[in-house]
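Numbers restart at 1 for each chain; the letters A, B, ... are given by sequence-line order, proteins then strands.
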Protein chains: 2
Amino acid sequence: MAEARRPRAASEEKRRRILDATEEIMLKEGYAAVSSRSVATAVGIQAPLVHYYFSTLDDLFVAVLERRAGRNVERMAAALLSTAPLRAWWQLASDRRGTALFVELLAAANHRPALKAEVGAIAREIRRMQLEVLESVLEEYGIDAEVFPPALVAAAMQGVAFSAVQDSVAGYDTAADEALAAMDRLIDRLEAGRSN
Amino acid sequence: MAEARRPRAASEEKRRRILDATEEIMLKEGYAAVSSRSVATAVGIQAPLVHYYFSTLDDLFVAVLERRAGRNVERMAAALLSTAPLRAWWQLASDRRGTALFVELLAAANHRPALKAEVGAIAREIRRMQLEVLESVLEEYGIDAEVFPPALVAAAMQGVAFSAVQDSVAGYDTAADEALAAMDRLIDRLEAGRSN
DNA sequence: CACGTTCTTGAACAGGCGTTAAATCCAAGG
DNA sequence: CCTTGGATTTAACGCCTGTTCAAGAACGTG
């Protein structure tokens, strides 16, 4: 029995290029513009080759999400363990490219069950990590957990980032940059006054 | 020159039914599922008739947004003038159906310039109203405008509602209902402690 | 009833879609 | 050098798309 031959060096690289191109298209033209042909053109290959690497478009979307999410779960875990958890978390949450992509994935997930399941699993995992840390750390920040329970703080971090970044990226004139700056200052204040 | 004849009574009704069907499709299958044929089928007419009422799909999307937004601008204006502005605002912002539709419109706007312009105009108008009221009312609520300036409060109201409602509607298990409940209590507390 | 407008349809165009099957290319192993 | 098998392409399938055009139906008015 012959040894399993290793795939060519170029093939893992090609997977990466396909995922990169898909992200780019989602950001520039929306998730609905993602098709085997549009992705293929962007990469410089033929459409069926996309299906060779990702047999259906659902698989492709899920792969885009998983690559992003895998990195983000790690980063969030590291952020929450850092010496300034709120600041590190906020920096992650307010990433512009990530947020823009998130809007598309969220909307796409609404009518792609496989993607929706994956989004749900990742969202739950990340929130679980956040809540766990907040349980023990809110007090150090001097935040009254009666008034601002972990679930609300987590929703606020996520929500403010989402709302302001989305408006800022899209160019909607809603004082979004002012809100982002104020949030920066608020986080600074909280980190400075942290008791531990 | 003959007097301009009024359009038939049924035709305004048909416009409404087309817009209703479009909203329904956006909610159930996403904005990408909106097509002249899918809308026509839902209404029980032929595809070209959709174009008779809304000559392009862009026009249709913009009309959906405008109908919603028109109502919402009025409601928000009324809310901000009410005796409990934050509570009324929060009730509006946390509307489930409106939020779900908003995700779709936001994503659709990212690659439909005409829609994007309209979203921008409406977002700016609503935010302007909110900021104006917050300028004068934050103090009454005992909120330090140095720490929580109007822009941040507005982004937070919008963001928390968006984040929690979206997760709740999609069924993502992220303690969203807990966050919504906590926000309700927070608003209650603020309204109760209002000095005016 | 006849006219003119409004509303509605049937048919068609050119193009894009996801996906499959078969054929071809090409590099490495024996 | 020739076989093997992964990587890639060409061709094709049936279907859906936005939109236009011309024809027809339904209706209010003179």
(request) Rounded off to whole Å, could you give me the CG-to-P distance for the A:Leu60 and C:dC17 pair? (result) 14 Å

N/O donor-acceptor pairs under 3.5 Å from side chains in residues 123-130 of chain B, not counting sequence neighbours:
unit_1	atom_1	unit_2	atom_2	d
B:Arg127	NE	B:Gln130	OE1	2.9
B:Arg127	NH1	A:Thr174	O	3.4
B:Arg128	NH1	B:Glu132	OE1	3.2

(message) Near DNA chain D, counting only heavy atoms under 4.0 Å, which residues of residues 39-56 of chain B show up?
(response) B:Pro48, B:His51, B:Thr56

(message) If I take atom CZ in residue A:Arg37 and atom P in nucleotide C:dG16, what distance separates them, rounded to the nearest angstrom?
(response) 9 Å

(request) Calculate the interatomic distance between B:Arg112 atom CZ and D:dT17 atom P; express it in whole Å. (result) 13 Å

(request) Write down the distance between CG (B:Asp58) and C1' (D:dT17), rounded to a whole number of angstrom. (result) 15 Å

(request) Heavy atoms only: give me the nearest B:Ala179-A:Leu152 pair and the separation to one decimal. (result) O-CD1, 3.9 Å

(message) Rounded to whole Å, how long is the line connecting atom CZ of B:Arg17 with atom P of C:dC7?
(response) 15 Å

(message) In this structure, how many angstroms lie between the C1' atom of C:dC7 and the CD atom of B:Glu13, rounded?
(response) 15 Å

(request) Please list, by residue number, the residues of residues 103-111 of chain A whose heavy atoms come closer than 4.0 Å to an atom of DNA chain D; answer none if no residue qualifies. (result) none

(message) Is it true that B:Thr41 and B:Ser38 share a donor-acceptor pair across their side chains at a distance under 3.5 Å?
(response) no

(request) Mark yes when over 12 heavy atoms from residues, nucleotides or ligands other than A:Glu139 sit less than 6.0 Å from its CD; otherwise mark no. (result) no

(message) Rounded to whole Å, how long is the line connecting atom CD of A:Glu29 with atom P of C:dC17?
(response) 10 Å

(message) With a 4.0 Å cut-off on N to O distance, would you call B:Glu23 and B:Arg67 a salt bridge?
(response) yes

(request) Specify the closest pair of heavy atoms between B:Ala109 and B:Lys116, including all atoms of both residues, with the distance to one decimal. (result) O-CB, 3.3 Å

(request) In whole angstrom, give the distance that lies between atom CZ of B:Phe61 and atom P of D:dG18. (result) 9 Å

(request) State, to 0.1 Å, how close A:Arg68 and A:Gly98 come at their nearest heavy-atom pair, and which atoms those are. (result) NH1-CA, 3.9 Å

(message) Any non-hydrogen side-chain atom of B:Phe61 less than 4.5 Å from a side-chain atom of B:Tyr31?
(response) yes

(request) Answer with base, sugar-phosphate or nothing: what part of the nucleic acid does B:Ser36 contact at a heavy-atom distance below 4.0 Å? (result) base

(request) Evaluate side chain to side chain donor-acceptor pair (under 3.5 Å) for A:Glu191 paired with A:Tyr141, printing each intermediate quantity in order. (result) CA-CA 7 Å; A:Glu191 291 292 355; A:Tyr141 281 106; 2.7 Å; yes

